[in-house]
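Quick notes on the structure that follows.
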2 protein chains.
Amino acid sequence: MSKSPSSRSRASGRVTLSDVAARAGVAPMTASRAINQPDLVSSLLRQRVEQAVQELGYVPNRAARALASAQSNVIVVLVPSLSNTVFTAVLQGIQDALDDDNYQLLIGNTRYSDAEEEKLLNVYMQSNPDGILLSGLTHSPRVQQMLETSRVPVVSMMDLSSDPDLLCVGFSQVEAGQAMTRYLIGKGKKRIGFIGAQLDERTLRRAEGYRKAMADAGLADTRLEIMVPDPSTIALGAELLGRMLAQVPDCDAIFCCNDDLAHGAIYQCQRRGISVPEQLAICGFNDLPASAWMKPALTTVGTPRYKIGFEAATMLRATIRGERPAHAHLDLGFTLMARESA
Amino acid sequence: MSKSPSSRSRASGRVTLSDVAARAGVAPMTASRAINQPDLVSSLLRQRVEQAVQELGYVPNRAARALASAQSNVIVVLVPSLSNTVFTAVLQGIQDALDDDNYQLLIGNTRYSDAEEEKLLNVYMQSNPDGILLSGLTHSPRVQQMLETSRVPVVSMMDLSSDPDLLCVGFSQVEAGQAMTRYLIGKGKKRIGFIGAQLDERTLRRAEGYRKAMADAGLADTRLEIMVPDPSTIALGAELLGRMLAQVPDCDAIFCCNDDLAHGAIYQCQRRGISVPEQLAICGFNDLPASAWMKPALTTVGTPRYKIGFEAATMLRATIRGERPAHAHLDLGFTLMARESA
DNA sequence: CTGAAAGCGCTTACAG
DNA sequence: CTGAAAGCGCTTACAG
């Protein structure tokens, strides 16, 4: 009659499904059904089980469920940064899309590192995820291999792949970079600099679009490019503006690979008494909240990051359920936001 | 001799520890030791097991491990927002503190809602976490109860509790609000407005500090307070600046409960031709990256959010290991950043 | 240093 | 609609 576990017991001491079943006077199997598939149980037993759950404060053990059912209900999300608003918006979209689905999100921060991505994926694979959401298209060979051998559904976010079979949701980073550069060229700018930081794949593709547009217009000049691996910050934008002007004194426009850099460049211009856009046009990428409000308001590229997360999660969920999406690639596009700074 | 599982098998098809053991010619127990406690196994067998792991591409099943060992190695983190830089910095600190510890972080976004916090905790408790990191001190009664009955170690972040037994890492939000208000009073300001949004507990405590300082100086006037439940954004700051000036035309300073609001207020002043700080002093809270760079540079309160995350995670880890921290409360302080705007 | 047995808490696959 | 049996893939607690 003793309630304490025998000395040789390995029981955790927590309330288990068997405890609930005993209290309700049913078999554990029935208690399980009453909780997970209530429609299959008579209302009388269901009520008795529900009451036992309440009285005992039963909390299901997710590990046991995952083990028995071979279904983890885990979705892994890998993003390169948590401090970059772009990716927190993506995460928000994912959460909203999956809100009612009882999925558990395992959020990994790769810090823009392929090695870190590999490490995280290695650990997260131990949780036997039902699906994976990845940022970007380029990954280490081992990551590619892990993904293939695991046969877990994957959706890539942010850019569009050239592989027609790869599920992805995003927009063409190359075209967006090209569009912004063409806009500046259309404004009559000739000496258009490009400032790139972090050098993640998206920045590289935007630079690719910039180069295409410059070459098309016969304006290409490698000295107009400043590329540094440091993280994008306002402070770095301010610094790189100075470096660009020192390197290319007749520069008449600067395309920053993102808004943080552009904000820093504009603040630096204000400090140096350089009028924007009259003396120097400046534009960014991503349209952060401050961009529309600052003086001068920043010309930039609006990107559908929230929607990317939402749609990618939706596509992944459909794939997990065994549905084949009509289109493997979902192009959400971008919007050129012409404002005051360029 | 067939490799395919029998039709009645429930096996997942994945490589298991038994497969590794069979390949290495050892018992599963020995394979387990070779992987998790290699020092307890002879180097010969260890090597054979390691090789089998490689050849088979073995990935341990975390659910099985958690179930058998009654140890999840999961730490739950609940933050009110992922779009607020403050909390992403906290998360970064947590990740850095726990980096080498094989903990799996379950990050939950409560969206500033007690009900959502309750819902998340309910789900996350199913993972049997080893520890929990919470934002703030106030929670719903059911959350409090879940925490108590579960006996899982908890560390609260951001503020300092009045309960001496509650583990917490942060700083006094009340004192910070008071300090900033006193600073403005010291600058000769008489009609100091307070703009509060979101109305989360930190904002309410900062407002409490503001009221104390105003009352102490005989400057209290409830019309000087604007409190709205909407999320803090630049746009809202711009709007509320207008509302404050309409309501209190002789207002000579505005204390915004955070930097986003303050940025919006300053941008709005620029648009209206109001000089800051000459006509109107404006200050914020948190010292976001843009604050030091914008013109005028924002006077604000610097807060140790990264360190809060780092130290809270460190304290939690120690507690999980059974150590008693020397002090239950860790006060990391704040810094008044006097700049141009006030 | 190594291994056979039992068990963690749940669900699957049956059977009635 | 209900339940007895077996099993998911590991680790604990022993024993040798």
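Residue numbers start from 1 in every chain, and the chains themselves are labelled A, B, ... in the order their sequence lines are given, proteins ahead of strands.
- Pairing each heavy atom of B:L134 with each of B:E117, the nearest pair is CG-OE2, 4.4 Å.
- Note: CD (A:Q126) to C1' (D:dG9) measures 13 Å, nearest angstrom.
- Following rounding to the nearest Å, B:Q37 (CD) and D:dC10 (P) show an atom-to-atom distance of 15 Å.
- Residue A:T30 places at least one side-chain N or O closer than 4.0 Å to OP1 or OP2 of D:dG3.
- Distance CG (A:L67) to P (C:dG9): 12 Å, rounded to an integer number of Å.
- Rounded to whole Å, atom C1' of D:dG9 lies 11 Å from atom CG of A:N128.
- The side chain of A:N36 contributes an N or O atom lying less than 4.0 Å from OP1 or OP2 of C:dT11.
- Distance from the side chain of B:A64 is smallest to D:dC10 among D:dC10, C:dC1, C:dG9.
- Nucleic acid contact for A:R33: base, since at least one base atom lies under 4.0 Å from a heavy atom of the residue.
- No hydrogens or angles considered: nothing links the side chains of A:E116 and A:N109 as a donor-acceptor pair under 3.5 Å.
- Residue A:A27 is in sugar-phosphate contact alone, with no base atom involved, counting any heavy-atom pair closer than 4.0 Å across all strands shown.
- Counting non-hydrogen atoms under 4.0 angstrom, B:P28 reaches nothing in the nucleic acid.
- One can place CG of A:D39 at 13 Å from C1' of D:dC1, the figure rounded to the nearest angstrom.
- The shortest distance between the side-chain N/O atoms of B:S32 and the OP1/OP2 oxygens of D:dC10 is not below 4.0 Å.
- If you take CD1 of B:I35 and C1' of D:dG9, they are 12 Å apart, rounded to a whole angstrom.
- Base pairing of D:dG3 is made with C:dC14, judged by Watson-Crick or G-U wobble geometry with both donor-acceptor distances under 3.5 Å.
- Checking B:Q51 against B:E55 by side-chain atom types alone, a donor-acceptor pair falls below 3.5 Å.
- With 3.5 Å as the limit, one finds no donor-acceptor pair spanning the side chains of B:N73 and B:R62.
- Closest to the side chain of A:S42, from the set D:dC1, C:dG9, C:dT2, is D:dC1.
- The separation between A:R62 atom CZ and C:dC10 atom C1' is 13 Å, rounded to whole Å.
- Mapped onto DNA chain C by nearest heavy atom, A:R14 and A:M29 fall at different nucleotides, with A:R14 at the one closer to the 5' end.
- Between A:S69 and C:dT12 there is no side-chain polar atom (N or O) within less than 4.0 angstrom of OP1 or OP2.
- Taking atom CZ of residue B:R46 and atom P of nucleotide C:dG3, one finds them 15 Å apart after rounding to whole Å.
- Of the candidates D:dT2, C:dT11, D:dG3, D:dT2 carries the atom nearest the A:L45 side chain, counting heavy atoms from C-beta on.
- For the residue pair A:S72 / A:N128, no side-chain donor-acceptor distance below 3.5 Å is found, with atom types taken as modelled.
- Of the candidates C:dT12, C:dG7, D:dT2, the closest approach to any side-chain atom of B:A68 belongs to C:dG7.
- Between the side chains of B:D114 and B:S140, no donor N or O sits under 3.5 Å from an acceptor N or O.
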